[in-house]
Student: 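Before anything else, here's the structure in question.
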Number of protein chains: 2
Amino acid sequence: MPTIKDVAKLSGISRSTVSRVINNHPYVNEEKRMRVKQAMLDLGYVPNSSAQRLRGSKTKTIAVLISRIVNPFFSGLVDAMDTVATEAGYKLILCNTRGSKERELNYLDLLKTKQVDGVVFASIENDWSDIKPYLAYGPMVLCNEYTDQTDIPSFRINHFQATIEAVTHFIKEGRTKIAFCRGDETIGSNLGVDREKGFISALTSHHLSFNKQWLFRNVSSIEDGRNVMKKIERMTDRPDAIFTGSDEVATGIIAEAKISSIKVPKHLSVIGFDDQQIAGVITPGLTTIRQPINKLGEQTMQHMIHILTNRISFLGHTEVLTTEFIVRDT
Amino acid sequence: MPTIKDVAKLSGISRSTVSRVINNHPYVNEEKRMRVKQAMLDLGYVPNSSAQRLRGSKTKTIAVLISRIVNPFFSGLVDAMDTVATEAGYKLILCNTRGSKERELNYLDLLKTKQVDGVVFASIENDWSDIKPYLAYGPMVLCNEYTDQTDIPSFRINHFQATIEAVTHFIKEGRTKIAFCRGDETIGSNLGVDREKGFISALTSHHLSFNKQWLFRNVSSIEDGRNVMKKIERMTDRPDAIFTGSDEVATGIIAEAKISSIKVPKHLSVIGFDDQQIAGVITPGLTTIRQPINKLGEQTMQHMIHILTNRISFLGHTEVLTTEFIVRDT
DNA sequence: GTGAAAGCGCTAACAG
DNA sequence: CTGTTAGCGCTTTCAC
């Protein structure tokens with residue numbers, strides 16, 4: 001591997017000037033610049049990024065924390081982030097925490113050891129007080145998740161409002177026995193809490209009460225949805241509508257309903273969350289809340305890059321994007 | 001940020017010994033080891049990875065090239081690879097080439113500039129002759145894709161055989177007018193070529209000929225599938241079966257069929273590829289070829305890590321995993 | 001404009 | 001077992 005020294009030797013020009021050429025420094029004689037470039041080409045020289053990092057301590061790399069990439073919500077988010085990052089010359093390190101606090105902390109060490117310039121949280125596992133100390137090592141931005149324990153930048157939708165809208169839709173359709181699914185309990189985040197608040201709020205304002213039996217915890221996959229449906233089938237007092245919290249869960253419920261006596265939407269009305277591709281292709285078509293996934297990912301990454309480019313130590317910012325209620329058949 | 005020097009000073013022990021402690025070197029006095037560890041804790045010391053890289057030149061990072069992470073086939077693959085990589089202490093850089101040769105080459109530069117220890121190709125855009133030179137900078141492994149221009153390690157299924165199986169199934173069901181979809185044309189890969197060969201081979205051995213009108217090129221998304229269906233609807237001589245090459249395309253065809261006069265499977269039989277989750281939840285259930293995505297990803301990454309761990313400069317290996325034909329309703 | 005020289009933080013001989 | 005020392009490849013003052 002040729003080094004800057006070899007280029008200097010071959011071109012007969014000092015290392016410092018070669019370095020200037022590499023970094024597009026303005027004050028370099030045009031003729032020498034050419035000679036250096038030619039030497040680099042002849043040798044197949046590429047600057048060693050570890051050395052550059054050691055000197056300058058910027059990595060042009062960003063860590064993106066998600067719970068799991070197979071979840072289409074996250075892969076959509078990552079895809080959008082990647083587009084913006086690549087455009088700006090940044091690379092992404094994929095951090096699948098898989099719901100583990102420990103793994104999340106390990107990934108945060110990337111910031112500490114200067115392997116990434118910043119961290120984007122699209123999912124969050126630890127309590128904010130455990131994450132906060134890492135802010136000393138570099139910037140962080142929240143996407144989708146949020147917490148009121150800090151004013152760290154965050155890009156998200158209003159989960160409280162979106163849930164009210166969905167539940168109100170059920171009520172307007174004449175449903176009164178409404179079930180509710182929530183995902184994994186996460187300490188550091190308000191997302192689940194807000195949805196639950198919205199749910200209760202919508203019920204209350206229509207003088208409906210909530211049957212605790214119809215609360216399903218820790219459901220997030222298609223398989224989980226199938227299991228929810230099996231449980232409902234066994235109930236004597238069954239709900240007539242269900243807020244699923246994700247299109248995957250809704251899909252599982254609908255798929256299971258096909259081999260069950262409970263029919264969707266006749267006996268059970270279903271609302272998903274996200275408006276994934278699957279919502280539009282299953283039968284019956286899934287009514288759902290569309291999140292602007294692309295915008296969410298893009299704006300988050302733009303903000304992170306803005307912070308990094310301008311070396312801003314802290315820039316609070318909260319962006320609440322709007323959702324769209326998509327009515328289909330369920 | 002504290003450095004190794006600070007730790008040495010605080011503990012009153014030399015830098016080399018501190019370094020030995022960091023690297024779990026065997027011959028260090030237990031008492032000193034403790035003193036060093038305490039000092040590291042007190043200072044909140046973490047080794048600067050850029051410096052470590054510059055010295056040792058290993059990054060514990062692997063680049064994974066895919067065309068796009070939103071494609072569930074790729075996110076499944078990446079998920080499996082990530083599990084193995086994390087286990088072995090490696091990180092993954094996500095490289096969405098989005099079908100661009102240029103971007104692929106840019107990602108390969110990560111190997112040249114020593115930002116990654118190796119590269120896994122799960123999709124491939126450039127001709128092998130353009131990729132080959134990069135082998136000088138580090139190991140590469142192929143997953144799913146393959147080429148006969150080299151004996152680089154590759155983990156894949158037999159696309160030729162799988163396609164024959166699918167087409168033979170159609171023929172046994174009495175279908176004779178069989179259409180064929182292929183994805184993006186990629187120069188460096190045999191995958192598409194082998195499927196096409198398998199298709200022709202199956203037809204020929206049953207004395208069927210192939211109508212060129214029923215060949216669809218560059219189809220890979222749900223949307224593409226819908227368009228294929230629209231085209232079929234306009235034909236006067238319509239196929240009665242279609243090999244789609246992906247569950248996404250098949251899903252698009254089935255969704256579009258619901259608002260069309262052509263019914264699946266009555267008028268048109270459909271076979272997907274991969275056996276994604278979606279195949280089991282749409283109606284009618286999609287008949288498809290199951291690829292062992294997890295195994296594919298895991299074995300590929302295991303092999304890469306094996307090469308890296310043992311500093312093997314070259315280790316050819318071809319693993320052909322078996323597929324499973326899943327018969328549902330279409 | 002350009003070169004010499006001083007490190008960035010770490011590891012790995014090499015003596016002791 | 002442990003400390004001294006010499007760089008890894010690059011950038012950046014600071015003189016000229």
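Below, read A as the first sequence line, B as the second, and so on, with proteins coming before strands; counting in each chain starts at 1. As the structure is a prediction and not an experimental result, all values here were calculated from the model.
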Student: Among C:dA4, D:dC10, D:dT11, which nucleotide has an atom closest to any side-chain atom of A:N23?
Tutor: D:dT11

Student: If you pin B:S14 and A:V46 to their nearest nucleotides in DNA chain D, which one's is more 5'?
Tutor: B:S14

Student: Given D:dT2, C:dG9, C:dT11, which nucleotide is nearest the side-chain atoms of A:L54?
Tutor: C:dG9

Student: Would you indicate what A:T3 reaches in the nucleic acid, counting non-hydrogen atoms under 4.0 angstrom: base, sugar-phosphate, or nothing?
Tutor: sugar-phosphate

Student: Could you walk me through whether A:I93 and B:L92 satisfy the side chain to side chain contact (heavy atoms under 4.5 Å, CB included) test, starting with their C-alpha distance in whole Å, then the side-chain angles of each, then the deciding distance to 0.1 Å, before giving a yes or no?
Tutor: CA-CA 6 Å; A:I93 291 203; B:L92 262 30; over 6 Å; no

Student: Any idea which of C:dT11, C:dG3, D:dT2 is nearest the A:T17 side chain?
Tutor: C:dG3

Student: Report the nucleotide, chosen from D:dC8, D:dT4, C:dG3, that has the shortest atom-to-atom distance to any side-chain atom of B:R55.
Tutor: D:dC8

Student: Counting side-chain heavy atoms from CB outward, which of C:dG3, C:dG1, D:dT4 is closest to A:Y27?
Tutor: C:dG1

Student: Determine, for A:E298 against A:K295, whether the closest basic-nitrogen to carboxylate-oxygen distance falls under 4.0 angstrom.
Tutor: no

Student: Can you tell me how far C1' of D:dC10 sits from CE of A:M40, to the nearest Å?
Tutor: 14 Å

Student: Output the rounded distance in Å from CD (A:Q52) to P (D:dC8).
Tutor: 17 Å

Student: What's the separation between atom CD1 in B:I62 and atom CE in B:M140, rounded to the nearest 0.5 Å?
Tutor: 13.5 Å

Student: If I take atom CG in residue A:N48 and atom C1' in nucleotide C:dC10, what distance separates them, rounded to the nearest angstrom?
Tutor: 14 Å

Student: Expressed as a whole number of angstroms, how long is the span from B:K112:NZ to D:dG9:P?
Tutor: 16 Å

Student: Between A:R35 (CZ) and C:dG3 (P), how many Å, whole number?
Tutor: 9 Å

Student: How many whole angstroms separate atom CG of B:D6 from atom P of C:dC8?
Tutor: 11 Å

Student: Could you tell me whether the side chain of A:S16 has a donor or acceptor atom within less than 3.5 Å of a complementary atom in the base of C:dA4?
Tutor: yes

Student: Nearest 0.5 angstrom please: A:N144 CG to A:R156 CZ, how far?
Tutor: 10.0 Å

Student: Report the nucleotide, chosen from D:dC1, C:dT2, D:dT5, that has the shortest atom-to-atom distance to any side-chain atom of B:R15.
Tutor: D:dT5

Student: So which nucleotide from C:dT2, D:dT11, C:dG9 ends up closest to the side chain of A:R20?
Tutor: C:dT2

Student: Grab the CD-C1' distance between B:Q115 and D:dC10 for me, whole Å please.
Tutor: 14 Å

Student: Quick one: is A:K5 getting a side-chain N or O under 4.0 Å of the D:dG9 phosphate, OP1 or OP2?
Tutor: no

Student: Phosphate oxygens OP1/OP2 of D:dT2: is one of them under 4.0 Å from a side-chain N or O of B:K32?
Tutor: yes

Student: Measure from the side-chain N and O atoms of A:T97 to the backbone N and O of A:R103, and report whether any donor-acceptor pair falls under 3.5 Å.
Tutor: no

Student: Nearest-Å distance, CG (B:N29) to P (D:dG3)?
Tutor: 10 Å

